Structure formats: C-alpha cells, structure tokens
Undergrad: 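What follows is a structure written as structure tokens; I'll ask about it next.
The sequence lines fix the lettering, A, B, ..., with proteins before strands; numbering per chain opens at 1. Remember, it's a predicted structure, so these values are computed and weren't measured experimentally.
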There are 2 protein chains.
Amino acid sequence: MILRSALRIIDADGVQSLSMRKLAADLGVNPMSIYHHVANKAALLDGVTRLVTDGARHIEVSGGTWQEQLRQLAYEFRTLSLAHSNLIRHAFSVDDVIQRDGPMWRTLCAVLRGAGLPEPEVERTGAVLAVLVGGLLHTEVNGTMRRLIGEGEADDTGFSLAVDLLIDGVAARV
Amino acid sequence: MILRSALRIIDADGVQSLSMRKLAADLGVNPMSIYHHVANKAALLDGVTRLVTDGARHIEVSGGTWQEQLRQLAYEFRTLSLAHSNLIRHAFSVDDVIQRDGPMWRTLCAVLRGAGLPEPEVERTGAVLAVLVGGLLHTEVNGTMRRLIGEGEADDTGFSLAVDLLIDGVAARV
DNA sequence: ACCTGAACACCGTTCAAGT
DNA sequence: ACCTGAACACCGTTCAAGT
C-alpha cells in the first residue's frame, strides 16, 4: 500500500516531489511510521521500481520472423517505460531498470538464438541490445528524443527508426 | 569561478551532494551572494553543463572510411562523457547533453552525407544515432553497462560492440 | 510489534537591510 | 551593484517514549 501510494504520487508529480512527509500525508499516517516498513527513501524508490518492473513479468512474443519478435519485444519494453515515465526516468539514472536474467532478458536471448546467432555471442549481443534500447527509452522519457525528432511526427517515429537500425545491425551478424 | 568550483564538487562527490551552501563554503563566500550571479540551483547546474559541453567545441574527424569516422566520433563523445561522469549522469536525466546543431551534430551529419546516405535521411538518421549513442553513454555512466557486460572485460567492450552494431545498421541503408 | 512527538542536521530561496 | 543576516518553508532520519 505504501509502494502503491508512492507510485501514485510519482506518476502525478514526479520523483522530485515525493517526500516521506508527503507520502505519509497521502496515507493519513505519521511520517515516522513509514520507517517501520521501509528502511529509507532510497529503499522506498527501489521498492516502487520493483513493483512496476515485476508487473511486466509475463512477456510473450508470438510467432513471426525474429525481426518481428525483436521489434515486438522492444515495444513491450517501451510500453512499460512510458506507463510510468517519471519513475523510469529516475530508475534509469540510478541503474535499476534492466534486470539481468529477468523475463525480458531471457526472451531477448531466446529470440537471438532463434535468429541463428552463434551461441557465444548471444549473451553479449543481448546485453548490448538491452543497454541500447534501455538508453534509447531513457532519451524518450527525458525529452531528448522529442526535441531531436519529435517535430510533428508520430510519437514513436524516433523509436521505430532506431529499432529498425538495431535490427539491421543484428542481421549483419547472423 | 562559481561554475568551475561547482564542477569540482560534482566531479568529487556527485551532483547529489552539491548544495548552494557547500558551494559557498568552498568559495569562501556567503551562501546568499551566489544568488546575485546565478538565478537558482537549476540554472547553476545548467551553467556547469554548458561549461563542460562547450569545452568540446572543436571536434575533428581525420580521414579514413566513414565507418572509422563514425567510430571516432562516438569515442569523442564517450571521452567527453566519462571525463565528468557525475555531471553527465545528471545532465542526461534532465535532457541537456545533446545539442542539436552543435559541433558534434554537424560533424555527425557530415560523416553520414559522406557515407552516401540520401539527403532526406541524413538528419533523421543523425538524430537517431545521436540518441542511441547518448543513451548508450548514459548506461555506461550509470553503471548498467558494467553490470551487464563489464565482467572482467576491458572498460569499453560494451561500448565498442554497440558502436559496431550501429555502424552495421547504418551500412544497411547507404 | 508498531506508532509518535520532538529534535537534529541539513536544504533552496526570499527579502529587507546594509556597503 | 554587490553583499549579508535572519527567516521561511521545507527536507531525511534518529531516537526515546509510548501503546
């Protein structure tokens, strides 16, 4: 309940304006009571991040070429990020979004394996793609993308172009 | 002098621990005096970011294939980012690093043009590459890269692999 | 086991008063 | 023009005292 309330405040006003005291007020509780359930503010933010990323535990890529599967996976990650952009913006800046061996990670490696990438390169290429797409989403969530590309285009124009380019890059080594 | 002193504190202890009061102490000055030279803390951080990014105004790519030039440019950006990683980490999170029509941007577009990319795609592809590399550097500066790839490898292994993949992606459309 | 009030050591910022 | 002390409205966190 604490985490959900914190997430509500973050979604509404940003991480910047979440304080233990405001959170307590939102919960109708004494500010100090919170410290009996969460160690400190950093742990609170960590908990909220896990709440959100665990919410996307079930990731499925239906059939299609490996290119379509990669694209689908990237958009899945994007949907997750944009649903709570204020939180994700913070989580990226403290390194807390991409979980190695998480469901996203496993699916990614499976798709790369299916694409015919030689086994010793699967994990490394997976990691590279994960940070590239993660970083890409960070630029979308912090406004850089909109500033550089967004001029009157569809919201996902930049993201889509970038994913195309990454897929071509992977294609060059299968 | 204010900006340089702020940068010193940020390099040493991170943006987190820069306060107007600490900065004043470092300068041997009354905390309130600073407000006569800078509007507020956000403006201060913005000024420090400009101080650093303007320091890299002269970007040259010597001859070689366009692939080598792109790689060289990417590493130039990386050097700039890692030289003040605490600051850049913050600047990325508020969207303040990549300057459209900055020297980096112009060089990037020139290289893409030289690679033979059709003119209408030069700017768009340039923007996509800029956010991809920017986001990539953010993951390096915040530790994600090290966590996912760094295990005993050279420091720039992940970055190098990612740049290879991006170059292959560009190659697919020239 | 959980709650709470008071307190500590900080913040950014405003503003009237000084030189 | 620049500086400064006091003050305001906040922070996160600790801790002894309560139930």
Side-chain angles (χ1 to χ4, degrees), chain A residues 1-53 84-97 141-143, chain B residues 1-53 84-97 141-143:
Chain A
M1 200 152 65
I2 292 175
L3 298 181
R4 261 179 295 147
S5 184
L7 180 57
R8 198 170 351 114
I9 294 175
I10 291 169
D11 282 343
D13 304 320
V15 172
Q16 179 95 251
S17 77
L18 172 74
S19 76
M20 300 301 266
R21 289 164 143 104
K22 243 184 239 171
L23 175 60
D26 194 65
L27 287 163
V29 141
N30 183 290
M32 300 313 123
S33 304
I34 298 174
Y35 284 92
H36 277 272
H37 302 96
V38 58
N40 51 37
K41 197 181 177 179
L44 173 69
L45 286 167
D46 203 85
V48 177
T49 303
R50 278 163 192 280
L51 178 71
V52 166
T53 54
H84 301 283
S85 57
N86 287 340
L87 173 70
I88 293 299
R89 188 163 166 172
H90 171 266
F92 267 122
S93 90
V94 297
D95 172 28
D96 219 358
V97 179
V141 140
N142 78 2
Chain B
M1 202 151 66
I2 292 175
L3 297 181
R4 261 179 295 146
S5 183
L7 180 57
R8 198 171 350 115
I9 294 175
I10 291 169
D11 282 344
D13 304 320
V15 172
Q16 179 94 250
S17 78
L18 171 73
S19 76
M20 300 301 266
R21 288 163 143 106
K22 244 184 236 168
L23 175 59
D26 194 66
L27 287 163
V29 141
N30 183 289
M32 299 312 124
S33 303
I34 297 173
Y35 283 93
H36 278 271
H37 302 94
V38 58
N40 52 38
K41 196 181 178 181
L44 173 70
L45 286 167
D46 202 86
V48 178
T49 303
R50 278 164 192 277
L51 179 72
V52 167
T53 54
H84 301 282
S85 57
N86 287 341
L87 173 69
I88 293 299
R89 188 163 165 171
H90 170 266
F92 267 122
S93 91
V94 297
D95 171 28
D96 219 359
V97 180
V141 139
N142 78 1

Undergrad: Can you name the side chain to side chain contact (heavy atoms under 4.5 Å, CB included) partners of A91(A), sequence neighbours left out?
TA: T49(A), D96(A), V97(A)
Undergrad: From L23(B) CG over to I9(B) CD1, what is the distance, rounded to the nearest 0.5 angstrom?
TA: 5.0 Å
Undergrad: Dot-bracket for DNA chain C, please. Rules: Watson-Crick or G-U, both distances under 3.5 Å, ( ) within the strand, [ ] when a pair crosses earlier ones, | for another strand, . otherwise.
TA: ||.|||||...|||||.||
Undergrad: Could you tell me which residues satisfy salt bridge (Lys or Arg N to Asp or Glu O under 4.0 Å) with D26(B), sequence neighbours excluded, listed by chain and number?
TA: R8(B)
Undergrad: Rounded to the nearest 0.5 Å, how far does CZ of R4(B) lie from CD1 of I2(B)?
TA: 11.0 Å
Undergrad: Return the set of residues passing side chain to side chain donor-acceptor pair (under 3.5 Å) with H90(A) (not counting sequence neighbours), or none when no residue passes.
TA: none
Undergrad: Of all heavy-atom pairs between I10(B) and V48(B), which one has the smallest distance, and what is that distance?
TA: CD1-CG1, 4.3 Å
Undergrad: Could you work out, with salt bridge (Lys or Arg N to Asp or Glu O under 4.0 Å) as the rule, every residue matching R21(B), not counting sequence neighbours?
TA: none
Undergrad: When the side chains of residues 29-36 of chain A are checked against the rest of the protein, which donor-acceptor pairs come out under 3.5 Å, sequence neighbours left out?
TA:
residue: N30(A); atom: OD1; partner: M32(A); partner atom: N; Å: 2.8
residue: S33(A); atom: OG; partner: N30(A); partner atom: O; Å: 3.3

Undergrad: If you take any heavy atom closer than 4.0 Å to DNA chain C, which residues from residues 4-14 of chain A end up in contact?
TA: none
Undergrad: Within the side chain of K41(B), is there an N or O that forms a donor-acceptor pair under 3.5 Å with the backbone of M20(B)?
TA: no
Undergrad: Going from CG on L18(A) to CG on L7(A), what distance comes out if it is rounded to the nearest 0.5 angstrom?
TA: 10.0 Å
Undergrad: Please round to the nearest 0.5 Å and tell me the distance separating atom CG of L3(A) and atom CG of L45(A).
TA: 10.0 Å
Undergrad: Name all residues meeting the side chain to side chain donor-acceptor pair (under 3.5 Å) criterion together with S85(B); count only those two or more places apart in sequence or in a different chain, and write none if there are none.
TA: none
Undergrad: Got a list of protein N/O to nucleotides 1-4 of chain D N/O distances below 3.5 Å?
TA:
residue: dC3(D); atom: N4; partner: H36(B); partner atom: NE2; Å: 3.1
residue: dT4(D); atom: OP2; partner: S33(B); partner atom: OG; Å: 3.1

Undergrad: Counting only heavy atoms and a strict 4.0 angstrom limit, can you tell me which residues of residues 44-52 of chain B come near DNA chain D?
TA: none
Undergrad: Quick one: pull up NE2 in H37(A) and CG in L27(A) and give me the separation to the nearest 0.5 Å.
TA: 10.5 Å
Undergrad: Go through the structure and list residues passing side chain to side chain donor-acceptor pair (under 3.5 Å) with N86(A), not counting sequence neighbours.
TA: none
Undergrad: Could you measure between the two P atoms, the one in dC10(D) and the one in dA9(C), and give it in whole Å?
TA: 22 Å
Undergrad: Distances under 3.5 Å between protein N/O atoms and the N/O atoms of nucleotides 8-11 of chain C, please, pair by pair.
TA:
residue: dC11(C); atom: OP1; partner: S19(B); partner atom: OG; Å: 3.2

